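To keep things clear, I will list the structure first and then write my remarks on it.
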Amino acid sequence: VQLVESGGGLVQAGGSLRLSCAASESVFSMYAAWYRQGPGKQREFVAALTSGGTTNYADSVKGRFTISRDNALNTVYLQMNNLKPEDAAVYYCLAGVHTQYWGQGTQVTVSS
C-alpha cells in the first residue's frame with residue numbers, strides 16, 4: 001500500500017487545516033491512523049479509525065480534530081480545528097489491513 005499525505009501548511013493559531021492521506025488501495029477495510037512528530041520529539045499518536053468506524057483520539061486533540069475516510073476516493077482525512085502552536089509537527093498517515101504502512105509525512109506549522 002502506498003500512502004501520500006497532503007494538506008499541510010502554515011496556519012495561524014485558531015485556524016483549521018484538513019490533511020489528506022490518499023491510498024493506492026481501498027481504505028474500506030483498513031485500520032487508519034494519524035501520528036505526528038514535533039521537533040526534537042518522539043512520534044506520537046493523534047487519531048485512529050478502525051475498519052468498523054470506531055474512532056480514537058489523543059487527549060490533546062479531542063474535540064478539535066476529526067478523523068474520517070472517503071471510501072470512494074480511497075482517502076483518509078484529518079480535520080484539524082482550533083489549531084494551537086503545540087500542534088505544529090510533521091503529520092504521518094498509517095494505514096493498512098493486515099500490515100500497516102506509513103506515508104511520507106506532511107508539515108503543519110502553526111504561528112502564534
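For the numbers below, each heavy atom of this structure counts, side chains included, while hydrogens, waters and symmetry mates do not. Worth saying up front: this structure is predicted, and the values here are computed from it rather than measured.
Listed by chain and number, the residues in a salt bridge (charged side-chain N to carboxylate O under 4.0 Å, His left out) with E86 amount to none (sequence neighbours excluded). Remark: T54 engages T50 in a side-chain contact (heavy atoms from CB on, under 4.5 Å) (not counting sequence neighbours). Residues meeting the side chain to side chain donor-acceptor pair (under 3.5 Å) test with Q107, sequence neighbours left out: none. Partners of L78 according to the side-chain contact (heavy atoms from CB on, under 4.5 Å) rule, which considers only residues two or more places apart in sequence or in another chain, are L19, W34, V46, A47, F65, I67, M80, Y91. For N74, there are no side chain to side chain donor-acceptor pair (under 3.5 Å) partners at least two apart in sequence or on another chain. In this structure, the side-chain contact (heavy atoms from CB on, under 4.5 Å) partners of Q37, at least two apart in sequence or on a different chain, are R43, Y92. A search for salt bridge (charged side-chain N to carboxylate O under 4.0 Å, His left out) contacts involving K41 returns nothing, not counting sequence neighbours. Listed by chain and residue number, Y35 satisfy the ring pair (Phe, Tyr, Trp, His ring centres under 6.0 Å) test with F45 (two or more places apart in sequence, or in another chain). Evaluation of the side-chain contact (heavy atoms from CB on, under 4.5 Å) rule for Q79 yields S16, R18, T66, N81 as partners, not counting sequence neighbours.
Follow the hydrophobic side-chain contacts under 4.5 Å out from V90 and you reach L94 in the same cluster. Cluster membership check: Y57 shares its hydrophobic cluster with L83, using side-chain heavy-atom separations under 4.5 Å among Ile, Leu, Val, Met, Phe, Trp and Tyr.
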Side chain to side chain contact (heavy atoms under 4.5 Å, CB included) between V97 and T99: does it pass, once the steps are laid out? CA-CA 6 Å; V97 179; T99 301; over 6 Å; no
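Annotation: salt bridge (charged side-chain N to carboxylate O under 4.0 Å, His left out) contacts involving residues 87-112, sequence neighbours excluded, comprise R36-D87, R64-D87.
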Without placing hydrogens or testing angles, list every side-chain donor-acceptor pair under 3.5 Å for residues 20-31, not counting sequence neighbours.
residue : atom : partner : partner atom : Å
S24     : OG   : Q2      : N            : 2.8
S26     : OG   : F28     : N            : 3.2

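Under a 3.5 Å cut-off, the side chain of R69 and the backbone N or O of A32 do not form any donor-acceptor pair. The backbone N or O of G8 lies less than 3.5 Å from a partner atom in the side chain of T106, making a donor-acceptor pair.
The two atoms that bring Q104 and L3 nearest to each other are OE1-O, 3.5 Å, heavy atoms only. Of all non-hydrogen atoms in P85 and A13, the two that sit nearest each other are CD-CB, 4.1 Å.
In this structure, K84 NZ and S112 OG are separated by 14.0 Å, a value rounded to the nearest 0.5 Å.
Here L73 is tied into one hydrophobic group with Y77, each link being a pair of ILVMFWY side chains closer than 4.5 Å.
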